[in-house]
Amino acid sequence: MRVAFVGKGGAGKSSIAGTFSRLLARRGERVLAIDSDPMPGLAFSLGVDRSDAGIPDVAIEECVIDGRNTFRLRSGLSAEEAVLRYADVGPDGVLLLQLGKARGVRGENAGSHQAFQHVVEGVPDHGWSIVGDLPAGTRQPFFGWGRFARTVVVVVEPTPASLLSGRRLARLAGMPSAPRLVAVASKTRSLGDAELVRDGTGLPVIGTVPFDTSVSDGDREGAALLDQTPKAAAVAAIDELVSTLINEEEQP
Amino acid sequence: MKVAVVGKGGSGKTTTSAVLARTFARSGLATLALDCDTNPNLGLSLGYGEEATEKLVGVRQALDTGEEGHAGSMIELIDRFGVDGPDGVRLAIVSAIENPEPGCPCCGVSPERLLADMDSVEGVVVADFEAGLGTIIRMGDDPVDVVVIVAEPTAKSLEVARRAADLVKERGLGRVIVAANRVRDADDLARVRSVLPDLEVSSIPDEPAITRAERNGVAPLDSAPDAAGVRALVELGERVLSSPISA
């Protein structure tokens with residue numbers, strides 16, 4: 001499975017992506033969870049100790065592609081090896097790879113960022129599931145950071161601001177080699193909310209994660225939802241989402 | 001005066017920016033609300049309505065599509081593409097990224113360049129930043145007057161707030177006021193203070209009326225002006241205008 005979660009800030013992307021990764025791993029998949037937000041977030045939702053580690057400088061080399069100076073993984077180091085070496089191992093065996101976190105002046109970690117993209121796009125299809133958590137808004141998704149994904153899930157709250165963001169993100173479907181684009185209704189409080197999301201974004205709604213105070217309580221503690229309240233309604237909903245996406249990816 | 005509003009996505013930056021801008025305008029100051037998010041929603045919180053907000057054009061896109069043939073100064077651009085709204089606040093969007101694979105948003109018109117060029121501006125500019133720290137990092141050493149860091153009492157939100165506060169302090173980017181948002185009890189406020197010690201903190205209570213306003217796409221100042229959370233945001237605005245007090 002290769003899935004990327006996108007959406008407006010605060011919609012629930014990290015909480016869903018982190019829980020989703022672990023529930024998928026519990027079904028026997030080898031899961032690489034990737035956080036391309038320069039601010040840490042997914043680590044909390046996975047239950048991984050805070051770490052800022054990206055791809056270190058020793059694993060990166062400068063090169064020239066199409067006449068432009070850029071960076072890539074050091075020659076001889078495959079994407080898969082880089083993952084095994086530099087990803088953190090989290091609960092349920094989920095591997096977490098993070099973008100080199102924001103530091104110093106602009107561009108200081110451009111090498112790490114480009115190497116990160118090389119790794120994500122270079123991990124072999126066979127034997128790996130990738131779950132990506134992209135930063136809030138349209139910037140990264142529209143610049144191709146979700147290219148690894150076969151399915152892009154837009155996480156949408158039933159609010160006008162979140163729906164507007166969802167409508168903008170729905171334009172990803174117009175990209176060359178467009179991924180399959182679907183929505184998940186997040187923090188729903190009534191049965192009509194999923195319909196609001198469907199009508200407001202024009203996307204098929206493949207799952208609904210109800211508003212659940214265990215999520216905000218866990219966020220306050222910085223604890224993973226799955227460790228804090230494994231029986232929460234939100235966990236059951238995300239587990240159902242795992243089933244749905246597994247079934248859909250199995251279809252031709 | 002220039003005020004930047006920063007924080008994690010979903011922490012309440014846009015709602016805060018909107019109430020601040022309208023509070024300044026009501027006190028008689030010429031106020032520009034600058035939506036620096038490439039996924040711009042500030043119009044909703046200011047009370048422009050859904051349809052108008054979705055149709056607003058970013059200054060940068062106006063340049064790209066050639067609607068603005070000869071770009072004058074940034075200030076002229078904002079005069080031309082800004083839209084007046086409730087309480088006389090003028091709203092301008094810097095750069096909406098509307099389509100996959102557009103031009104580089106870092107080049108040309110950018111929030112940090114606009115802000116740096118605004119030294120001669122009279123009145124107040126309230127800049128609602130994009131989620132995270134990207135814009136602060138790109139500001140270099142060009143300061144604003146006040147940086148409002150909006151922080152929920154959650155681990156993720158406080159992590160972003162702590163990094164923002166460090167950057168602002170390190171580079172001398174402005175006076176920091178923390179808006180501790182969605183505070184439910186004394187524990188929540190203590191959580192914020194422990195991560196961000198020695199900073200001015202305004203406590204904004206968790207406010208169902210603001211959640212309702214967001215669900216309805218209206219400005220909290222219009223739908224619930226007397227709600228405790230909205231009043232706290234108005235007081236934050238008054239604090240921003242006042243001289244610093246010790247924390």
Side-chain angles (χ1 to χ4, degrees), chain A residues 7-15 37-45 50 101-108 135-144 146 157-165 167-169 171-176 178 187 189 193 196 200 216-223, chain B residues 7-15 37-45 49-50 53-54 96-102 104-106 112 130-134 136-141 152-160 163-164 167 171 182 184 187-188 191 206 211 213-218:
Chain A
K8 184 185 174 300
K13 291 179 294 298
S14 299
S15 300
D37 194 331
M39 283 291 106
L42 183 58
F44 289 109
S45 297
R50 195 175 73 201
K101 296 305 174 194
R103 58 177 145 106
V105 294
R106 174 182 174 186
E108 220 169 82
T138 49
R139 186 184 288 267
Q140 271 202 5
F142 281 6
F143 278 96
E157 283 183 74
T159 67
S162 198
L163 290 166
L164 175 54
S165 306
R167 277 198 290 284
R168 290 186 178 127
L169 286 162
R171 291 176 199 152
L172 285 167
M175 278 171 65
K187 302 187 193 176
R189 291 167 196 258
D193 282 348
L196 267 179
S216 42
D217 291 345
D219 279 347
R220 275 168 162 73
E221 305 297 330
Chain B
K8 183 186 174 297
S11 60
K13 288 182 297 300
T14 301
T15 303
D37 194 339
T38 52
N39 175 33
N41 298 317
L42 180 55
L44 285 170
S45 300
E50 282 183 63
T53 299
E54 193 159 4
I97 300 183
E98 292 283 358
N99 289 292
E101 316 266 1
C104 174
C106 307
E112 56 277 9
E130 193 160 306
L133 297 190
I136 299 191
I137 289 169
R138 289 188 295 267
M139 275 169 74
D141 295 318
E152 284 187 78
T154 66
K156 286 177 203 162
S157 189
L158 286 170
E159 180 65 21
V160 176
R163 290 170 190 242
L167 264 172
R171 302 218 197 129
R182 301 197 181 109
R184 290 180 188 165
D187 285 352
D188 275 356
R191 227 174 238 126
D206 194 24
T211 310
E214 276 163 6
R215 281 200 69 131
N216 295 326
V218 298

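Basis for what follows: all heavy atoms, side chains included, without hydrogens, waters or symmetry-related copies. Letters A, B, ... mirror the listed sequences (proteins, then strands); counts begin at 1. This structure is a prediction, so every number in the text was calculated from the model and none was measured.
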Among A/L196, A/D193, A/L172, residue most engaged with chain B (heavy-atom pairs, under 4.5 Å): A/D193
Minimal non-hydrogen separation, A/T159 against B/E214, with atom names: CB-O, 3.7 Å
Heavy-atom proximity to chain A below 4.5 Å, by part of B/T211: side chain
Basic-acidic side-chain contact under 4.0 Å: A/D37, B/K8: no
Side-chain heavy-atom pair B/D188, A/R220 within 4.5 angstrom cut-off: yes
Portion of B/R215 that has a non-hydrogen atom of chain A nearer than 4.5 angstrom: both
For chain B, the option from A/R168, A/R171, A/R167 that forms the most heavy-atom pairs under 4.5 Å: A/R168
Close side-chain approach of A/S45 and B/K156, heavy atoms under 4.5 Å: yes
Flag for B/R184-A/S216: side-chain donor and acceptor within less than 3.5 Å: yes
Taking every non-hydrogen atom, the tightest pair across B/N216 and A/P160: C-CG, 4.0 Å
Nearest heavy-atom neighbours spanning B/T38 and A/T138: O-OG1, 3.5 Å
Heavy-atom check, side chain of A/P135 versus side chain of B/E130, under 4.5 Å: no
Presence of salt bridge, B/D37 and A/K8, under 4.0 angstrom: no
Chain A contacts, top residue of B/G12, B/P153, B/G132, B/S45 (heavy-atom pairs, under 4.5 Å): B/P153
Heavy-atom pair with the smallest gap, counting every atom of A/M39 and B/L133: CE-CD1, 3.4 Å
